[in-house]
Amino acid sequence: MFPYPSSSSLHMGHARNYAIGDVYARFKRMQGFNVLYPMGYDAFGLPAENAAIKTNSYPKKFTEDAIKIFSKQQKELGLSYDWDRMITTCYPEYYKWNQWFFLKLFEKGLAYKKKAPVNWCEKCGTVLANEQVVDGKCWRCHNEVSIKQLEQWFFKITAYAEKLLKGIDQLEGWPERVKTMQQNWIGKSEGTMVNFKMKDSDEIIPIFTTRPDTLYGVTFMVYAPEHPKVIELVNGTEYERKVKDFIAKVLVQERFSRTAEEQEKEGMFIGKYAINPLTGDEIPIYIANFVLLEYGTGAIMAVPAHDQRDFEFAKKYSIPIKIVIHPTSYDLHAEKMSRAYVEDGVLVNSEKFNGRNNREAIEEITKYLKEKGLGEKTVQYKLRDWLISRQRYWGTPIPVIYCDKCGMVPVPEKDLPVKLPEDVRFTGEGNPLAKVNKFVNVKCPECKNEARRETDTMDTFVDSSWYFLRYCSPKENKKPFDPKKVKYWMPVDQYIGGVEHAVMHLLYARFFIKALKDLKLVSFDEPFTRLFNQGMLHKGGFVMSKSRGNVVTQDEIAAKYGIDTARIFLLFVASPEKDVEWSDQGVEGGYRFLNKVYRLLEKKKTAKTSKRLQNKTHKTIKDVTQYIDEFKFNLALISIMGFTDYLSSEEEITKESLEILTKLLSPFAPHLAEEMWEKLGHKNFVSSEKWPKHDDKKIDLKVEAEEEMIRQTIADIRNILELAKIGQPKKLELFVSEQWKYEAFKKIQKELETTRNIGEIIKKALVKGHEQDISRIVPRVVKDPSKMPRIITSQQEELKTLEEFRAVIEREFKTRLVVIKAEESKEHKAKLAMPGKPAILAE
RNA sequence: GCGGGAGUGCCGGAGCGGCCAAACGGACACGGCUUAGGACCGUGUGGCUUAGUGCCUACGCAGGUUCAAAUCCUGUCUCCCGCACCA
């Protein structure tokens with residue numbers, strides 16, 4: 001996800017986010033993929049405008065300065081972007097295409113203007129989309145949001161509600177939680193539209209319900225107070241005054257501060273009645289603060305017996321409660337109820353539906369309504385249309401002209417872009433654009449008479465809904481993008497960014513692509529095949545952020561350790577999707593590791609490799625490759641660390657092994673890797689080298705077992721020397737026992753390779769009298785077949801193959817090692833040699 | 001209320017049915033190297049025990065499935081996040 005450029009120093013939180021993508025890009029590039037890894041800036045937006053007002057400067061200047069600083073720091077981080085493809089959304093070359101898309105959507109009826117109650121942020125001086133209101137507050141400035149009735153531009157995202165919902169299933173490479181959030185946000189619910197009739201007229205009041213089974217229990221009806229119908233109904237009646245007062249009061253309360261259930265339910269009767277379509281009963285109509293205008297039809301049927309909200313309201317205003325669903329196991333009495341009965345049960349007081357299970361009744365009553373023309377099955381979504389107009393300057397002008405004669409006229413394509421005027425005064429009040437006469441006053445494209453431009457600008461999320469397409473052909477000036485290039489590159493294989501955009505950017509971009517597909521501009525359904533949400537970086541228990549003041553800047557870490565150290569720490573400390581805590585000491589660890597790697601250059605190089613080294617090398621290549629592919633960068637680094645330790649402890653290493661280490665490390669610590677690569681005598685960049693491939697034949701588990709035995713034996717010898725208080729041994733004697741039950745191990749091992757049924761094997765083994773073996777073998781079986789043959793046999797059989805065994809131990813203890821077969825040794829010594837373990841004597 | 005995720009050693013965190021008393025790093029302790037070392041190398045850090053071993057107790061808590069559980073299932077507690085008077 002491209003960033004909003006801000007002018008401060010990048011901190012470690014940024015560094016982590018970017019490093020994650022960079023590792024992957026470098027890795028894939030080395031693997032031979034053609035990698036499009038670009039950077040761009042989401043350059044329009046309020047902060048720049050606000051900063052301009054504050055400092056009496058100009059948003060463009062402010063933004064350009066910020067971008068300079070930002071990209072400089074990104075380069076210092078070693079991010080391997082293709083800077084030739086950089087895009088900046090605030091230039092006409094880019095936003096022209098926002099306008100172009102707008103016109104296309106407008107043609108299709110997917111962009112429209114309507115008067116609507118909208119979210120208004122006083123501090124930002126603009127309206128906001130629903131997605132940008134978080135807990136009743138502005139997502140950007142956290143100011144309380146209020147509701148205003150305004151003419152606004154919308155994109156008809158609701159036309160794609162079903163497609164957006166269905167499409168989620170295809171998003172296999174997306175985190176579950178993002179998918180769930182989108183599902184909830186779209187909020188599909190299936191129910192029934194029921195037509196109630198007004199008592200005194202033929203007017204119909206449609207309402208949406210998911211519980212048509214309770215229709216016989218309706219005892220009142222409630223409108224959202226701000227519903228336009230309400231004023232109409234009370235107009236000229238004795239209720240008019242009181243209703244208007246109530247509405248005013250509710251609006252003052254502000255919808256978004258009407259928080260949930262703790263809000264006291266309040267309302268009033270408005271003097272009108274509706275008729276229950278099934279019973280013909282008169283139903284009083286109320287208005288109340290708990291009914292939402294935007295959901296359903298803005299009016300509800302209320303069934304106090306079976307809905308908690310309705311119940312509370314009915315109690316408060318003494319409205320009758322009529323039970324229509326009865327529990328099967330106990331009695332229910334309306335007068336005695338202390339809360340609504342919301343569980344399932346059997347229908348009562350419901351005429352022909354009496355005795356029916358209520359779940360079944362939902363279907364049946366809906367069917368019945370349909371037959372009588374009183375209602376039908378329907379689907380509701382919580383998703384609202386995307387409000388895209390903003391009353392601010394620093395954004396893409398909406399390409400529309402208002403003419404007294406011709407009405408609303410879209411700017412013809414040939415006149416694009418509608419450029420943002422640059423000589424603008426920022427007073428901090430209202431939309432500065434509206435005061436620029438040169439901008440506002442235009443000729444109508446149709447009748448050529450005096451007309452006025454739309455002065456609203458677009459939400460910056462329009463910019464970010466298609467920018468990834470632009471990367472494919474950033475210099476294209478005839479079209480928003482070159483379709484051939486887009487066909488080659490898109491959709492995005494791997495997208496990386498924070499969860500905070502789950503229902504904003506990520507939903508808008510999906511909508512955009514689906515709309516573009518219908519416009520035949522692209523041929524795919526979803527913009528992002530795989531999505532990765534990186535975790536947050538914390539310090540002192542809080543997310544690292546400039547506003548919190550707990551940042552560790554990139555500059556300070558770079559100065560102290562070099563930026564590679566920071567990259568290593570950030571990638572090593574935990575898997576990338578986890579939140580992590582910054583640790584100064586942890587960074588030291590990363591620094592030590594890199595130093596250790598670098599010191600390997602001083603090691604003596606040998607031409608001849610060994611089986612052990614090959615095994616370790618290829619095992620490492622295999623693991624690191626797999627881990628990076630799985631985004632487990634921390635584990636990849638651990639593998640590399642293990643390899644480093646291995647090489648450090650060797651007397652001599654091969655140049656090849658060092659080169660491989662350098663390559664494996666290069667995505668993580670690119671600067672150090674390049675330096676090492678050069679010191680190893682290469683003229684090119686290691687980052688343009690081929691990623692090493694492992695050879696399965698070189699990975700030998702037996703060698704590993706030998707390794708392990710050497711390690712153990714060395715540890716044993718140490719222990720003994722310490723216990724015996726021997727400083728420097730003159731000679732070591734190693735007694736090796738006969739090959740105790742070795743054959744039996746092998747046999748069982750064979751069976752283990754061919755079956756997963758451990759229980760069966762154990763039984764077999766018991767029959768064969770291998771009880772002792774089982775304790776050794778059984779726990780060693782693991783799922784991964786590559787890890788299967790795990791039996792460690794330290795018998796002489798194996799020892800014979802250990803050409804290096806003696807050498808290693810002799811080097812370690814600077815003494816001579818004598819290996820003696822136990823059976824050839826003196827009797828008492830032979831006893832010392834336990835099966836599976838060599839015995840050691842030291843002088 | 002609905003939905004998503006997490007609870008592991010002194011700490012950060014791996015592991016997600018079997019080489020697990022648990023990777024890797026940090027911290028601490030001891031030893032080595034050294035004029036010195038906050039550098040580097042080695043060893044150790046649940047309890048008891050053996051020269052090499054073995055046993056017990058452990059992965060929030062309580063049950064269960066399995067030859068085998070930190071890992072699977074059920075319940076429960078705590079924490080984090082998203083949506084939320086959605087009819």
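For clarity, every value in this text was computed on a predicted model and none was experimentally measured. Below, read A as the first sequence line, B as the second, and so on, with proteins coming before strands; counting in each chain starts at 1.
The nucleotide whose nearest atom lies closest to any side-chain atom of A:Arg177 is, among B:rG4, B:rA84, B:rA23, B:rG4. Considering only the side chain of A:Asn184, B:rG82 comes nearest among B:rC85, B:rG12, B:rG82. Side-chain atoms of A:Leu292 lie closest to B:rA87 of the nucleotides B:rA87, B:rG3, B:rG15.
Protein atom CZ of A:Phe633 is 16 Å distant from nucleotide atom C1' of B:rA14, rounded to whole Å. Residue A:Arg339 contributes atom CZ, which lies 10 Å from atom P of B:rG1 at whole-angstrom precision. Protein atom CG of A:Asn533 is 12 Å distant from nucleotide atom C1' of B:rG4, rounded to whole Å. Atoms NE2 (A:His306) and P (B:rC85) sit 23 Å apart, rounded to a whole Å. As rounded to whole Å, 20 Å separates atom P of B:rG82 from atom CG of A:Leu383. What separates CD of A:Glu577 from C1' of B:rG15 is a distance of 14 Å, to the nearest Å. Atom P of nucleotide B:rA87 and atom CD of A:Glu294 are separated by 14 Å, given to the nearest angstrom. Rounded to whole Å, the distance from CD1 on A:Ile362 to C1' on B:rA87 is 13 Å.
The shortest heavy-atom contact between A:His227 and A:Thr297 is CE1-O, 3.1 Å. In plain terms, the two heavy atoms of A:Val291 and A:Gly298 that are nearest each other are CG1-O, 3.7 Å. Pairing each heavy atom of A:Lys188 with each of A:Glu190, the nearest pair is CE-OE2, 3.8 Å. A:Thr366 approaches A:Lys377 most closely through the heavy-atom pair CG2-N, 3.8 Å.
Look at B:rG63: its Watson-Crick or wobble partner, with both distances under 3.5 angstrom, is B:rC73. Pair check for B:rG44 finds B:rC28; Watson-Crick or G-U wobble, both atom distances under 3.5 Å. The pairing partner recorded for B:rG38 is none, the criterion being a Watson-Crick or G-U wobble arrangement whose two distances lie under 3.5 angstrom. Nucleotide B:rA21: unpaired (no Watson-Crick or G-U wobble partner with both distances less than 3.5 Å). Base pairing of B:rC79 is made with B:rG5, judged by Watson-Crick or G-U wobble geometry with both donor-acceptor distances under 3.5 Å. Pair assignment for B:rU53 gives none, since no Watson-Crick or G-U wobble pairing has each distance under 3.5 Å.
Of the P atoms belonging to B:rG5 and B:rG54, the separation is 40 Å, rounded to the nearest Å. Distance noted for atom P between B:rG15 and B:rA62: 25 Å (whole Å). If you take atom C1' in B:rU71 and the same atom in B:rC80, they sit 22 Å apart, rounded to whole Å. Taking atom P in both B:rA58 and B:rG47, one finds a spacing of 15 Å when rounded to whole Å. One P atom belongs to B:rC86, the other to B:rU66, and the distance between them is 44 Å to the nearest Å. Taking atom P in both B:rC61 and B:rG7, one finds a spacing of 13 Å when rounded to whole Å. Comparing B:rU57 with B:rA70, their P atoms are spaced 12 Å from each other, to the whole Å. Taking the C1' atom of each, B:rA84 and B:rG9 are spaced 40 Å apart, rounded to whole Å.
Put simply, A:Lys578 has a side-chain N or O that comes within less than 4.0 Å of OP1 or OP2 on B:rA14. OP1 and OP2 of B:rC86 both lie 4.0 Å or more from every side-chain N or O belonging to A:Thr210. OP1 or OP2 of B:rA39 has not a single side-chain nitrogen or oxygen of A:Arg599 nearer than 4.0 Å. Here A:Ser575 does not reach the OP1 or OP2 of B:rG13: none of its side-chain N or O atoms lies under 4.0 Å away.
The aromatic ring centres of A:Phe572 and A:Phe668 sit 6.0 Å or more apart. For A:Phe220 and A:Phe313, the ring centers sit closer than 6.0 Å to each other. Proximity of the aromatic rings of A:Phe631 and A:Phe532 is defined here by a centroid distance below 6.0 angstrom, and this criterion is met.
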| remark: Protein-proximity profile, nucleotides 25-31 of chain B, B/S/- by nucleotide at the 4.0 Å heavy-atom cutoff, equals SSS----
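Along RNA chain B, the nucleotide closest to A:Ser189 and the one closest to A:Met181 are compared, and the more 5′ of them pairs with A:Met181. For A:Asn595 and A:Leu635, each mapped to the nucleotide of RNA chain B holding its nearest heavy atom, the one lying further toward the 5' end belongs to A:Leu635.
Between the side chains of A:Ser575 and A:Asn634, no donor-acceptor pair is found at a separation under 3.5 Å. Using a 3.5 Å distance cut-off with no hydrogens or angles, the side chains of A:Ser639 and A:Thr620 do not pair a donor with an acceptor.
Both tests hold for A:Lys265 against A:Phe290: distance to the six-membered ring centre under 6.0 Å, angle to the ring axis within 45°.
Residue A:Asp579 is classed as a sugar-phosphate contact, given heavy-atom separations below 4.0 Å to backbone atoms only.
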